Amino acid sequence: MNIKQLDKNSELKQRIFFALSDPGRYKIVSMLYHVGHEMGCNELNQHVEIDKSTMSYHLRTLREIGITNTRTQGRQKYVSLNLDKIEALLPGLLKQL
């Protein structure tokens with residue numbers, strides 16, 4: 001591992017911690033982890049109880065960082081955690097949620 005990789009990993013870790021500092025995004029990630037499978041946006045919204053437009057914003061933020069994946073099927077979107085990426089950067093983090 002070289003200095004550039006360390007810097008990139010540090011920046012990504014900071015972005016993950018920043019994202020999780022928001023209570024809404026924390027609830028989304030926690031819910032996805034504890035459920036253990038992908039969830040439709042509507043189903044996720046019912047459990048997390050966040051305004052639909054705010055939910056969209058949070059999901060986009062998490063997707064851009066790379067800690068969630070979004071799959072579209074017809075008109076429905078399904079969200080799942082990118083477990084491999086999170087565990088590679090911050091081992092054990094999800095178990096603490």
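Just so it is clear, the structure is predicted and the values come from calculations on it, not from any experiment. FYI, the numbering just counts along the sequence from 1.
Partner of Met39 under the side chain to side chain contact (heavy atoms under 4.5 Å, CB included) criterion, out of Leu32, Val48, Val79: Leu32 alone.
By the 6.0 Å contact criterion, OH on Tyr78 is enclosed, its count of non-hydrogen atoms from other residues, nucleotides or ligands being greater than 12.
To the nearest 0.5 Å, atom OH of residue Tyr33 and atom CG of residue Leu83 are 8.0 Å apart. The CD atom of Glu38 sits 9.5 Å away from the CD atom of Glu43 when rounded to the nearest 0.5 Å. One finds the CD atom of Gln96 at 12.5 Å from the CG atom of Leu20 (value rounded to the nearest 0.5 Å). Here Lys27 contributes atom NZ and Asp22 contributes atom CG; the two are 9.5 Å apart, rounded to the nearest 0.5 Å. Note that CZ of Arg71 and OG of Ser80 are 8.5 Å apart. Values are rounded to the nearest 0.5 Å. Atoms NE2 and CD1, on His58 and Ile28 in that order, are 5.5 Å from each other to the nearest 0.5 Å.
Here the side chains of Val35 and His47 are not in contact, with every heavy-atom distance at 4.5 Å or above. The side-chain heavy atoms of Met31 and Tyr26, taken from C-beta on, include no pair separated by under 4.5 Å. Side-chain contact between Arg60 and Thr70 is absent, with no heavy-atom pair separated by less than 4.5 Å. By the 4.5 Å heavy-atom criterion applied to side chains, Thr61 and Leu59 are not counted as neighbours. When side chains are defined from C-beta on, Arg63 counts as touching Thr68, because their heavy atoms get closer than 4.5 Å.
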Query raised in the report: So Ile67 and Leu81, side-chain contact (heavy atoms from CB on, under 4.5 Å) or not? Walk me through it.
Result: CA-CA 6 Å; Ile67 60 176; Leu81 288 177; 5.5 Å; no
Query raised in the report: Between Leu93 and Glu87, does a side-chain contact (heavy atoms from CB on, under 4.5 Å) hold up when you go through it step by step?
Result: CA-CA 7 Å; Leu93 173 72; Glu87 280 300 313; 5.7 Å; no
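Taking hydrophobic clusters as Ile, Leu, Val, Met, Phe, Trp and Tyr residues chained together by side-chain heavy-atom distances below 4.5 Å, Leu44 does not share a cluster with Tyr57.
Take Ser53 and apply the side chain to side chain donor-acceptor pair (under 3.5 Å) test, not counting sequence neighbours, and it matches Asp51.
Between Cys41 and Gln76 the shortest heavy-atom distance is N-OE1, 4.1 Å.
Looking only at distances, no side-chain donor or acceptor of Arg15 sits under 3.5 Å from a matching main-chain atom of Ile65. Although no hydrogens or angles enter the test, the distance criterion places a donor-acceptor pair under 3.5 Å between the side chain of Ser21 and the main chain of Phe18. The backbone N or O of Ile50 sits nowhere less than 3.5 Å from a side-chain atom of Thr54 that would complete a donor-acceptor pair. Judged by distance alone, with hydrogens and angles left aside, the side-chain atoms of Asn82 form a donor-acceptor pair with the main-chain N or O of Gly66 at under 3.5 Å.
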